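These notes are about the structure you will find just below.
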Amino acid sequence: MTQVLKLLVQRIALGLLLLFLVSVVIFLGIEALPGDTAQAILGQSATPVALANLREALGLNLPPLTRYGNWLWGLLHGDLGNSLTNGRPIGPSIARRLGNTLFLASAAAMIAVPLALILGIIAARFAGRWPDKIISAVTLTTVSLPEFVAGYFVIYILTQLFPVFQPVSMVLPGMGFWAKLQAVALPVIVLVLVVLAHMMRMTRAAILNVMESAYIETAELKGLSPMRIIWRHAFPNAIAPIVQVVVLNLAYLVVGVVVVEVVFSYNALGQYLIDHVTKRDLPVVQAVGMIFATAYISLNILADVLAILANPRLRHPK
Amino acid sequence: MTDNLDQMLTRARAGRMSRREFMGRTTAMGVSAGIASALFAKVARADEPVRGGTMRLGLSGGESTNSLDPALAASPAPNVTAQTWGEKLVDVTADGSIDLRIADDISSSPDAGEWTFRIRQGVTFHDGSPVTAEDVVATYSRHTDENAQSGALGIVQGISEMKAEGDKLTLTLASPNADLPYLLADYHLQIQPGGGYDDPTAGIGAGPYKVVDFDPGVRISFARHEGYFDSSIGHADEIEYLIINDNTARTAALQSGQVHMINRVDPQIAELLRAAPGVQVKQVAGRGHYTFVMHCDTAPFDNNDLRMALKLAVNRQEMVEKILDGLGSPGNDFPINAAYPLFDDTIPQREYDPEAAAEYYRKSGHDGSPIIIRTASVAFPGAVDAANLYVESARAAGIPLEAKLEPDDGYWEDVWNIQPFSMSYWSGRPVQDQMYTTAYLSTADWNDTRFNNAEFDELLLKARGELDETARKAQYSRMAHILRDEGGLIVPMFNDFVDGVRDEVKGWYTDPNSELMNYRAAVRCWLG
């Protein structure tokens with residue numbers, strides 16, 4: 001177990017170092033973009049005087065290193081600062097939207113992960129036969145659709161043809177849990193369609209891979225039912241690669257769903273990030289970037305650890 | 001006349017016109033008093049405004065970076081928001097006259113250099129305090145401050161002295177301006193308590209609705225301001241603006257009834273939406289237009305023959321059809337159309353004429369090197385397609401025009417107003433003077449065509465203080481001719497405002513001042 005602990009500490013330290021590097025890269029990236037916050041805010045209506053005033057007011061005249069240092073210092077003290085564009089504190093705005101991002105991601109994951117595993121197992125059980133072919137064909141079709149196309153299909157079918165849901169999925173303060181669930185139904189459907197195939201295919205492939213082994217043959221010869229063989233004997237040994245893919249998809253559900261957010265006007269972090277990138281609002285981009293990087297890195301650490309825990313050889317090294 | 005009568009009936013129906021006003025104006029149009037009276041009684045009974053309900057609008061053009069500070073409003077959602085919680089000294093009515101709001105009387109010195117406004121009694125801010133002349137002075141001085149970054153800076157800069165005495169507000173202008181009330185109708189100039197110096201983003205004004213929740217880029221919700229002075233508007237109990245930037249989602253929200261109105265219907269689907277049940281498409285010719293701008297002081301565009309060749313090489317009709325899907329009208333190379341007061345409709349429409357263009361091109365003696373027009377999709381919706389159409393129509397005239405696609409990022413900083421030939425847009429201004437002053441006066445900050453014509457400048461300043469409308473109209477007409485024939489401006493088209501409205505929304509009338517009934521559709525309409 002100490003082995004595992006040591007590994008965990010190592011991974012987390014590495015993760016923190018990565019986060020620091022990410023913050024530097026984001027900062028440099030924003031600096032490299034043409035135009036600055038003042039120009040982005042004033043746009044077509046910028047006059048030289050207004051530009052100079054705004055730069056002064058926003059502190060954009062300070063050298064880059066100083067601005068980065070100030071930001072890092074604030075972050076370490078839990079202060080994300082104020083948005084340059086509208087002066088509102090970043091922390092509370094992000095908290096509201098992060099909640100929405102996680103709500104949508106969890107709702108989609110709750111459906112997609114079990115469904116993908118079940119479909120994967122069924123496909124493996126009937127490999128090469130019609131249930132396998134149907135499952136593969138359907139999920140491969142949905143994953144091949146760009147998200148916005150899938151989104152528009154779902155909007156058309158479920159709000160116009162059969163008006164069951166509302167096309168705009170905004171989650172607003174004061175909504176109850178069920179109202180929220182109903183609001184996010186459409187984006188959840190789209191996200192499930194998008195992430196299902198990847199996890200399902202990996203489950204199927206991993207199980208089939210294990211099914212080639214000699215011990216499965218033994219189990220078959222003992223006369224165990226195919227479903228029992230898969231569930232009791234093949235699946236536990238296929239878990240490591242499946243977990244990797246599942247976690248990767250979870251990370252995607254948190255950080256990569258901006259298109260779905262736009263299509264359904266869902267007020268989560270992705271749209272918030274894009275708005276502020278176009279306005280070169282560095283503090284906001286930094287803060288959201290860090291959240292996304294944290295989600296990505298910690299989920300990957302989780303995947304590694306789970307893979308190790310799932311593997312007896314790694315769990316009990318000689 | 002029928003149009004006018006229709007408009008008046010709609011306004012009467014909306015409770016925006018008293019019986020007396022209605023009778024006066026319809027009889028002036030030649031309708032007999034008996035008929036006018038019967039008409040008024042009919043509309044007034046048939047469609048009384050209904051109080052109550054929640055009016056929901058789906059708006060394009062809102063971002064999480066928006067602020068409640070009216071000085072910074074620069075896109076549809078903030079503009080609509082400001083027009084909901086705010087009230088101005090005056091507004092402009094749908095037929096182009098001045099609508100008295102916080103001011104209830106206006107007078108000016110004979111030379112239009114000094115203006116006096118009487119502040120309406122009993123108007124209160126949302127916090128209960130009365131609106132005073134001092135608040136108006138403070139508001140305007142905040143917008144004068146460069147640090148406020150106000151979009152109305154150019155307007156208030158022209159005021160050299162402000163004085164508040166009791167309910168009287170006196171504004172002295174640096175140079176006479178007969179249009180001052182129109183300029184003060186600018187949507188940035190919402191009167192704020194104490195001028196909004198304490199907290200410009202408080203969202204406290206004297207408008208018909210109070211801000212309840214402001215979640216930028218997501219939703220802005222309002223409740224009726226019970227102390228509002230004008231009971232003819234503000235029918236819904238609550239208003240909600242949902243920011244839905246995606247065209248398809250916004251249209252779907254309208255069709256499914258999740259929202260009652262939307263702005264910016266995509267021209268490409270307007271026809272389809274018209275056919276959808278329960279929904280109407282409202283199309284209003286406004287003052288917004290798209291532009292191709294040439295720098296008159298930079299070779300090769302310093303040659304008026306070449307400029308004329310490039311103007312004649314634009315196929316305007318084709319652009320209106322293909323870029324605007326017919327929801328607009330061809331431009332005439334000056335930034336004014338019939339939506340402006342004192343427009344001269346006798347100026348001939350410039351048409352696509354490849355032969356004449358070729359002739360002017362030959363006369364210009366251009367060396368045949370490629371002429372490059374810069375474009376980007378942010379220049380205006382469909383700008384890149386418009387550039388391609390333009391290149392083709394110019395080729396037919398033998399002009400070696402090439403379009404260069406620039407990145408959206410940095411287009412307004414590095415390309416427009418920097419490169420000698422580029423694409424842009426203007427959303428228009430309430431009066432001709434302001435549009436010309438903003439971009440065609442030789443000293444204007446945004447003189448994006450580097451236009452420098454002494455006669456034009458002189459006429460502009462003269463017309464500004466001219467109180468005789470006939471003389472003024474003649475001056476504006478002359479200026480239009482100068483700009484059209486000598487300027488660096490190409491106006492291929494004026495774009496219409498296209499809004500979508502559900503059938504249960506009543507009280508809609510055409511207002512060319514801006515989209516969504518001058519941003520006040522939610523305030524003026526009701527749910528029936």
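Just so you know, these numbers come straight off a predicted model, no measurement behind them.
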Quiz item: Does the side chain of V218(B) reach to within under 4.5 Å of the side chain of L172(A), using non-hydrogen atoms?
Solution: yes
Practice problem: Would you check if the side chain of D275(A) reaches a backbone N or O of S64(B) as a donor-acceptor pair within less than 3.5 Å? | Solution: yes
Quiz item: Heavy atoms, side chains only, cut-off 4.5 Å: are P216(B) and N86(A) in contact?
Solution: yes
Practice problem: Check for a donor-acceptor pair, side chain of Q166(A) on one end and backbone N or O of Q258(B) on the other, with a separation under 3.5 Å. | Solution: no
Quiz item: Does CG belonging to L161(A) count more than 12 external heavy atoms closer than 6.0 Å?
Solution: yes
Quiz item: Of all of T159(A), V263(A), I274(A), I155(A), which one pairs up most often with chain B through heavy atoms under 4.5 Å apart?
Solution: V263(A)
Quiz item: With no hydrogens and no angle check, is any side-chain donor or acceptor of Q160(A) less than 3.5 Å from a backbone partner on A252(B)?
Solution: yes
Self-check item: Winner by heavy-atom pair count (cut-off under 4.5 Å) against chain A, out of T438(B), N245(B), D215(B), D246(B)
Solution: D246(B)
Self-check item: Top of N247(B), L68(B), T248(B), T201(B) for chain A proximity - count of heavy-atom pairs under 4.5 angstrom
Solution: T248(B)
Quiz prompt | Over 12 non-hydrogen atoms of neighbours within 6.0 angstrom of OH in Y156(A) | solution = no
Quiz prompt | S256(B) side chain reached by P163(A) side chain, heavy atoms, under 4.5 Å | solution = no
Quiz item: By a 4.5 Å heavy-atom criterion (distance strictly below it), what part of D414(B) contacts chain A: side chain, backbone, both, or neither?
Solution: side chain
Quiz item: Can you name the residues of residues 101-112 of chain A that have some heavy atom under 4.5 Å away from a heavy atom in chain B?
Solution: none
Self-check item: Listed partners of S75(B) passing side-chain hydrogen bond (donor to acceptor under 3.5 Å, both in side chains), at least two apart
Solution: none
Practice problem: Please say whether more than 12 non-hydrogen atoms of neighbouring residues, nucleotides or ligands are located less than 6.0 Å from CZ in F153(A). | Solution: no
Exercise. Against chain A, work out which of G151(B), A253(B), S221(B) has the most heavy-atom pairs shorter than 4.5 Å and name it.
Key: A253(B)
Quiz prompt | Q419(B) atom CD, neighbour heavy-atom count above 12 within 6.0 Å | solution = yes
Quiz prompt | For the student: nearest non-hydrogen atoms of V168(A) and A249(B), plus distance | solution = CG2-O, 4.3 Å
Quiz item: Heavy-atom distance under 4.5 Å to chain B: side chain of Y152(A), backbone, both or neither?
Solution: side chain
Exercise. Heavy atoms only: give me the nearest M170(A)-I243(B) pair and the separation to one decimal.
Key: CE-O, 3.2 Å
Quiz item: Do P173(A) and D213(B) come close enough that some side-chain heavy atom pair is under 4.5 Å?
Solution: yes
Practice problem: Calculate, to the nearest 0.5 Å, the distance between atoms CG and CZ belonging to N267(A) and R219(B) respectively. | Solution: 9.5 Å
Self-check item: Residues R88(A), D69(B): salt bridge by 4.0 Å N-O rule
Solution: no
Quiz item: Given a strict heavy-atom distance threshold of 4.5 Å, which part of L153(B) is in contact with chain A: side chain, backbone, both, or neither?
Solution: neither
